[in-house]
Asker: 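Take a look at this one; I'll ask things after.
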Amino acid sequence: MPAKRPATWDREVDVIVLGTGGAAFVSAVLAADQGAEVLMLEKTHQVGGTTAFSGGVPWIPLNRYMKEAGIEDDRESAITFIKRLTQGKEPDPKFIDLFVDTGHVMIDYLHENTPLRFATPKGYSEYYGHLPEALKNGTRSLDPEPFDLNQVGEWGPLVRQNPVFPPLTLAEGGAVGGIDFTKIAERMENNIVTMGRSLIGSLLKAALDRGIDIELNTPGKELVLDEEGKVIGVVAEYNEEKIFIGARKGVVLASGGFEWNQELIKTFLKGHVTHPMSPPGNEGDGLIMAMEAGAALGNMTEAWYYPTMQDPTFEYEDHVMNQTGGGRMGPNSIIVNKHGNRFAHEGTTYNDLPRSFFEYDPVALEYPNEAPNWMIFDQQLKDSQMIITMMPGEEAPEWVDQADSLRELAEKIGVNADGLEASVARWNEHVENGVDPDFHRGTTHFENILGGGGNAEANLGKIEKGPFYAIPVHLGALGTNGGPRINEKGEVISLRGQVIDGLYAAGNAAMGILGHVYTSAGGTIGPAMTMGYIVGKEVGTKESREIKEAEALAL
Amino acid sequence: MPNGTHTVELQVPIENIWNFVSDMNNWAPLVPGYIEHEILSDKQSTWKFKGDLGFMKKTVKLQIDIQEWLEPSKVTFDLKGLSDNFTGGGYFEAVKISDTATRMTGHLDITAGGMMGAMINTILKNFVPETAEQLTVAIAGKINEIEGVTV
Ligand SMILES: Cc1cc2nc3c(=O)[nH]c(=O)nc-3n(C[C@H](O)[C@H](O)[C@H](O)COP(=O)(O)OP(=O)(O)OC[C@H]3O[C@@H](n4cnc5c(N)ncnc54)[C@H](O)[C@@H]3O)c2cc1C
């Protein structure tokens, strides 16, 4: 149940923002710029959420940095492209236009009013570059420029850090000639950050400059509703003590998705996500609060999926870290299910491939591709690519299953050996012929994005040189993207179709505005920041309400 | 080369310190993040522990080879990663101050190799001295506890 008006407020502000990810910071900064007094509450001991942990890349059509780089874009192409991907399954098509029209305005605003700077990543292109509707020259993705974290003083070490992301930009990470590890060491010495840490560091600086208060270890627990169902505050918790905070203008749910809440995952998602990749903390608190306040929901069956791999010796916050892995684009690799069969194009985008994991076989009455599936590869791939944390040229660690024959490998990992041998033989034949008629490897842009798109040479290679290796591929998610239904102002809508006064949502805490679609690099942060911008302006300019305490009302 | 040295003074005779330190099993559990160890011979042992780097934890396996065994004052050793690419070494030293007091020093150096070496060494720069200090302090604390010394 939502909380009732307390006897007294412990604190009153204009706007309470739950969370400190990208959606949260943009809305907080915008609300403050409308003159509102803003308080940000963060559940965990660190700032930045998944956003700080991420590549920090937003995907924004028509953005200023593209223009500066001479990349042409236009509104209609952007809309046509998004619609090609959403296939009419987005919660509300109005949001596609809204996103395309507002995203670049948001980027301009942040450029002009905060230290946040981006660049168009050189040599980068669009994930779906092979589609006729895609942008062909350059990208709409934006790469945060390196940021000097010393600028936020003692807050610096509190900005969340992804332990496997070195302080390189997207462009530098995929640099021709390989990664410059000396540059990484230098940046680490000097506290220069990139990617998600740069994005959040810059926005944190903007928030601190505006005097926005940020309280860590202070989760929002319940919304406070008045007698008419208006949201007038939050019950938060600090050190196991309840704190009642009144919000004269409104409460913004920017508390991320529910990927760390198994009950919500099983309730809503089509696939059973067992390996969330975000920092623990996103447990659907905002969703639960919104449901308690009577919110309608949207896009609930969707997540930003990822085929996740693990190095079991590597932990983040007491969990084995779920990592992006590598190697599945090939050339000398395939992914098989427990029957030893291939079942999809292994090198498709991370948000697309896992959708094949929850296919149902109506004859066998089973989910044949239920994770873990297995990436099978040979010594040639091992020698040429970094896979999870394994470097080429170094011996495979103990935790990687390996064997001299495919049969032995299959038996080790509990996969049907006849199936695996047959699949590899068939794959090798396809390689010989230079085409994969089964699943079309080598035909999509993403699988060789830095090399101009998929092709037989880059993505098709025989699995023939032992030892052979197997790594489990789990059903993971970067986050979920269903939540309370919102309108074009970011206001939460009730089950009866009315605005819930004083309640806003943005980012993964809200209904995903582009449905299941991950347009390209930045496909989640772009919409999250855009809705954060809209929400911040709206709530910041909303008329202040009387949020009297029960005691005062009784007088 | 990330390294660290830490020294403590104990109101304990050097022989008693040596008695404690010379048996690896006594102090192995005091290694920060200790999981297990196996003594392969007088000179060789393997270790598994979980290093806490703050923003991540990493389980590593390493091998220790004793290089020098100078009773009752010094042990030096080499170490090499079995699970990961690093090498290093260290020593433990006890210097008699009086019949009842000893100065005890622990030293550790670890250098990561391979392509990512430069990056990992930046991370180890703080970790290694912190570990050297924590281990030395923990051993001193245990010896004090056994000897009934209150500090
Ligand atoms: C490794 C990785 C790389 C990625 N790279 C990219 C990329 O480059 N581009 C892209 O578009 N997407 C990327 N993603 C996905 C992207 O990071 C997320 O979809 C996005 O950052 C979500 O932003 P958000 O603001 O909605 O939520 P988050 O950034 O997750 O922030 C939510 C915050 O709310 C806090 N919170 C939760 N509950 C409460 C509560 N009750 N009270 C107060 N606070 C609460 C959480 O602790 C968290 O800090 C990546 C994800 C991962 C894991």
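Hydrogens, waters and symmetry mates play no part in the numbers below; they use all other heavy atoms, side chains included. So that the names make sense, note that chain A is the first sequence line, chain B the second, and so on, each numbered from 1.
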Asker: Hey, is A/E186 close enough to A/K183 for a salt bridge, meaning N to O under 4.0 Å?
Answerer: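 Between A/K183 and A/E186 there is no salt bridge, as every charged N stays at least 4.0 Å from the carboxylate O atoms.
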Asker: For the pair A/T51 (side chain) and A/G22 (backbone), establish whether a donor and an acceptor sit closer than 3.5 Å, ignoring hydrogens and angles.
Answerer: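 Yes, the answer is positive, given that a donor and an acceptor are paired below the 3.5 Å cut-off.
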Asker: Name the orientation class of the two ring planes belonging to B/W47 and B/Y34 (parallel below 30°, tilted from 30 to 60°, perpendicular beyond 60°).
Answerer: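 Judged by the thresholds at 30° and 60°, the geometry between B/W47 and B/Y34 is perpendicular.
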Asker: Any donor-acceptor pair under 3.5 Å linking the side chain of B/T136 with the backbone of B/T7?
Answerer: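 Such a contact is absent between B/T136 side chain and B/T7 backbone.
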Asker: What's the separation between atom CG in B/L108 and atom CG in B/L124, rounded to the nearest 0.5 Å?
Answerer: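 It comes to 10.0 Å.
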Asker: We want to know whether A/R160 and A/T44 form a side-chain donor-acceptor pair, criterion being a heavy-atom distance below 3.5 angstrom.
Answerer: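 Indeed, the side chains of A/R160 and A/T44 share at least one donor-acceptor pair under 3.5 Å.
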Asker: Is the backbone of A/D143 close enough, under 3.5 Å, to the side chain of A/T169 for a donor and an acceptor to pair up by distance?
Answerer: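 Checking the backbone N and O of A/D143 against the side chain of A/T169, no donor-acceptor pair under 3.5 Å is found.
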Asker: Using non-hydrogen atoms and a limit below 4.5 Å, what part of residues 313-331 of chain A faces chain B?
Answerer: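 From residues 313-331 of chain A, the residues near chain B are A/T313, A/F314, A/E315, A/Y316, A/D318.
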Asker: Can you tell me how far CD of A/Q151 sits from CG of A/L208, rounded to the nearest 0.5 angstrom?
Answerer: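 The distance works out to 11.0 Å.
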Asker: If you check every heavy atom in residues 53-64 of chain B against those of chain A, which residues fall under 4.5 Å?
Answerer: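 Expected list: B/F55, B/M56, B/K57, B/K58, B/T59, B/K61.
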Asker: Does any backbone or side-chain atom of A/E394 lie under 4.5 Å from a heavy atom of chain B? Answer side chain, backbone, both or neither.
Answerer: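 When you check distances to chain B, only side chain atoms of A/E394 fall under 4.5 Å.
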Asker: To the nearest 0.5 Å, what is the distance between CG (A/N217) and NE2 (A/H45)?
Answerer: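 Answer for the CG-NE2 pair, A/N217 versus A/H45, is 7.5 Å.
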Asker: Are side-chain N/O atoms of B/W69 and B/D42 paired as donor and acceptor at under 3.5 Å?
Answerer: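 No, no side-chain donor-acceptor contact under 3.5 Å.
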